[in-house]
Amino acid sequence: MTKNYKYDLSVLISGIRTHNWEQLLNSLESACTKYTFELVLIGPFEPPESLKNKENVKFIRDYGQPSRCVQRGLIECEGRLLFQTVDDCNFLNNSIDLALDLYDEKCTRKDIVNGRYFEGGDQMPLVYWIAHHHPTLRLPNIHPTWKISLQPIINTEYAKEIGGWDCRYEYCNAGQHDFVFRAQIDGGKIYDSPIEICNADHMPMYSGDHEPIERLWEENDWPLLKSMYGEDAPDRPINIDINNWKNTPEVWTRRFDVNNLPEKYTDIYPNVQVLPRWKRRQL
């Protein structure tokens, strides 16, 4: 029996850059013209007024770590397919249309379309999406044929069935690797999107608002990935508890002061340029 879905696609984003969100939605509408979609946003700061009355926009307020936020958002997704992405990107015209066309042509329930992207305007070579291309991912229990996808398109019910993301990872990078590895352990395949879906900004290393991400990779997420896929690691379970987000702190103290929670982005990053991406391109 085929389930009736409210949307063709749920676009799931954990983010803090609310100054980007209006243009983000505008570019989504140009990227996804053939299919219906909802935008599910999770983060600590209220969205712009222009988004609050949109029927296809949901917002969940949460000061927790990014993995906790996307996990909470996954539970609320009502699309047939799920696309987890970021809030510092601009989507290319018709790019999601082409990716969903490919999904419906090739994918089974366990398969993924890898949403390729530009980063800071740079194109990633196709080999970039092979796990063993990256020295950090040449671990004994990561198969040489496995691929990565940091912005995957996947069947929503299947994503929920395998439990979504493991929130022991704080961020959706190592946690995303684990997510798509589990799908591949389960027999899923990854197909690269026909074109890049978006162009994402890039704040290198400890610059801008990226500093907590660098620290958590070194202190938590990379050691955890090595313990799961390194030598003598036990077999990685495919299915995990979808409610594992409840085991994480309500406030992510790498970014926020639990005794002085900010109300907007500029409360914590007053010196970071906060013009929307389309206005920055005109400067």
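- With salt bridges taken as basic N to acidic carboxylate O contacts below 4.0 Å, one links R254 and E219.
- Residue N239 qualifies as enclosed at atom CG: its count of foreign heavy atoms under 6.0 Å is above 12.
- Taking Y63 as the reference, F256 meet the ring-ring contact (aromatic ring centres under 6.0 Å, His included) condition, with sequence neighbours excluded.
- Residue-environment remark: CD (E250) stays at or below the threshold of 12 foreign heavy atoms within 6.0 Å.
- The side chain to side chain contact (heavy atoms under 4.5 Å, CB included) test with Q184 is passed by exactly one of K147, K110, H143, K189: K147.
- Summarising the geometry of S14 relative to P66, their closest heavy-atom pair is OG-CA, 3.6 Å, with the distance given to 0.1 Å.
- Chaining together hydrophobic side chains whose heavy atoms lie under 4.5 Å apart places I195 alongside L98.
- If you chain together hydrophobic residues whose side chains sit under 4.5 Å apart, V86 and F83 never meet in one group.
- Going from atom OH of Y169 over to atom CD of Q176 covers 11.5 Å, rounded to the nearest 0.5 Å.
- Across P44 and G15, no two heavy atoms sit closer than the pair CD-O, 3.9 Å.
- Within the 4.5 Å cutoff, the side chain of L100 has no heavy atoms near those of the V113 side chain.
- Taking the side chain as every heavy atom from C-beta outward, D186 and R182 never approach each other to under 4.5 Å.
- Inspection of the W21 and D87 side chains reveals an N or O donor paired with an N or O acceptor under 3.5 Å.
- In this structure, Y7 stands alone, with no Ile, Leu, Val, Met, Phe, Trp or Tyr side-chain heavy atom under 4.5 Å from its own, directly or through other members.
- Side-chain contact between E38 and V57 is absent, with no heavy-atom pair separated by less than 4.5 Å.
- In this structure, W245 and Q71 approach most closely via the heavy-atom pair CD1-CG, 3.7 Å.
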List the atom pairs, with distances to 0.1 Å, where a side-chain N or O of residues 127-135 and a protein N or O form a donor-acceptor pair under 3.5 Å, not counting sequence neighbours.
{"unit_1": "H132", "atom_1": "NE2", "unit_2": "I142", "atom_2": "O", "d": "2.7"}
{"unit_1": "H134", "atom_1": "NE2", "unit_2": "Y128", "atom_2": "O", "d": "2.7"}

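- Counting non-hydrogen atoms of other residues, nucleotides and ligands closer than 6.0 Å to CG of N247 gives a total above 12.
- Looking at residues two or more places apart in sequence or on another chain, you find a salt bridge (Lys or Arg N to Asp or Glu O under 4.0 Å) between K34 and D101.
- Residues V70 and F179 share a single hydrophobic cluster, defined by chaining ILVMFWY side chains whose heavy atoms lie under 4.5 Å apart.
- Scanning both residues, R72 and D62, for their nearest heavy atoms gives NH1-OD2, 2.7 Å.
- In this structure the side chain of F37 never reaches within 4.5 angstrom of the side chain of D8, judged on heavy atoms.
- A donor-acceptor contact shorter than 3.5 Å is absent between the side chain of T18 and the backbone of P47.
- For the residue pair G79 and S10, the shortest heavy atom distance occurs at N-OG, 2.8 Å.
- For the pair I154 and A159, the tightest heavy-atom approach, listed with the atom from each and the gap, is CG2-CB, 4.1 Å.
- Side-chain N/O atoms of Q151 and N114 include no donor and acceptor closer than 3.5 Å.
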**Request:** Report the C-alpha separation of R255 and E211 in whole Å, then their side-chain angles, then the decisive distance to 0.1 Å, and conclude whether the salt bridge (charged side-chain N to carboxylate O under 4.0 Å, His left out) test is met.
**Result:** CA-CA 9 Å; R255 196 184 293 280; E211 185 264 346; over 6 Å; no
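- For K160, the NZ atom counts as densely surrounded, since its 6.0 Å shell holds more than 12 non-hydrogen atoms of other residues, nucleotides or ligands.
- Shown here are the ring-ring contact (aromatic ring centres under 6.0 Å, His included) partners of F45, two or more places apart in sequence or in another chain: there are none.
- One finds the CG atom of L12 at 9.0 Å from the CG atom of L39 (value rounded to the nearest 0.5 Å).
- The pair E157-R80 does not meet the salt-bridge criterion, since no charged nitrogen lies less than 4.0 angstrom from a carboxylate oxygen.
- Side-chain atoms of Y229 and D178 include a donor-acceptor pair closer than 3.5 Å.
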